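Not measured: the values here are computed from a predicted model.
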Amino acid sequence: MRFTAVIAGIELNTQKNHRPVRASRLESPDGLSITTLDLGATLQSIVVPTEDGPVDVLLGYPDPDDYRNDPYFMGSTVGRYAGRIENARMKLGDRKYELDRNDDAFGHCLHGGSGGFHSRRWEADEDPNSSAVLYRTVSPDGDQGFPGRMTV
């Protein structure tokens, strides 16, 4: 399916002391639309046309600010690791690493830690000619305790 439009840089509601969350929307001629957010490279909405009108089929929050403190990581890109790392400790070769403990109930590192990919502002490259939005972030060596620099 070919998308024909990229609506770039929609500034959405924001709480005091926060930079506005920016959204990008891709739309197809038949009424399908996808909305993404730069906060967490999050998929916020997928609206599909139906006989009864458009329907959002993605579970998410209508207010982008709600993604700032989302305990469920809905639609967000998680990382450096997806899942739990027991006791927020890992071993790679002969080296041991202490990771960010953000699973308060059990003391694990969950989805890359409290400052993981879900909580970052990603750079958005919006290209109306190719009808695409590409998100990019860099995780430096030692980020949330993880070794090595990573570009995503």
_Of Arg120, Arg121, Arg22, the residue whose pairing with Asp38 passes side-chain hydrogen bond (donor to acceptor under 3.5 Å, both in side chains)_ =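 It is Arg121; the other options fail the test.
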Any donor-acceptor N/O pair, [X] side chain to [Y] backbone, under 3.5 Å:
X: Gln144; Y: Gly115; result: yes
X: His111; Y: Ala82; result: no
X: Arg101; Y: Gly107; result: yes

_ILVMFWY clustering at 4.5 Å (side-chain atoms), partners of Ile85_ =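 Direct or chained contacts put Ile85 with Tyr81, Met90, Leu92, Tyr97, Leu99, Phe146.
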Gap separating the [atom1] atom of [X] from the [atom2] atom of [Y], nearest 0.5 angstrom:
X: Leu37; Y: Thr77; atom1: CG; atom2: OG1; result: 10.5 Å
X: Ser119; Y: Asp70; atom1: OG; atom2: CG; result: 11.5 Å
X: Thr36; Y: Glu126; atom1: OG1; atom2: CD; result: 7.5 Å
X: Thr42; Y: Leu58; atom1: OG1; atom2: CG; result: 10.0 Å
X: Thr35; Y: Gln44; atom1: OG1; atom2: CD; result: 6.0 Å
X: Tyr135; Y: Leu39; atom1: OH; atom2: CG; result: 10.0 Å

Among the clusters formed by ILVMFWY side chains lying less than 4.5 Å apart, do [X] and [Y] turn up in the same one?
X: Val48; Y: Ile34; value: yes
X: Val47; Y: Val55; value: no
X: Met74; Y: Val21; value: yes
X: Trp122; Y: Val133; value: yes
X: Leu43; Y: Val57; value: yes

Closest non-hydrogen atom pair, [X] against [Y]:
X: Ala132; Y: Leu26; result: N-CD2, 4.2 Å
X: Ser76; Y: His118; result: CB-CB, 3.8 Å
X: Arg80; Y: Pro140; result: NH2-O, 3.3 Å
X: Leu32; Y: Ile46; result: CD1-CG2, 4.2 Å
X: Glu27; Y: Ser33; result: CG-CB, 3.9 Å
X: Asn102; Y: Leu110; result: OD1-N, 2.7 Å

Please examine the side chains of [Y] and [X], heavy atoms only from C-beta on, and report whether any two atoms are closer than 4.5 Å.
X: Phe117; Y: Val152; answer: yes
X: Arg89; Y: Cys109; answer: no
X: Asp143; Y: Met150; answer: no

*Side chains of Asp52 and Thr50, donor plus acceptor under 3.5 Å*: no
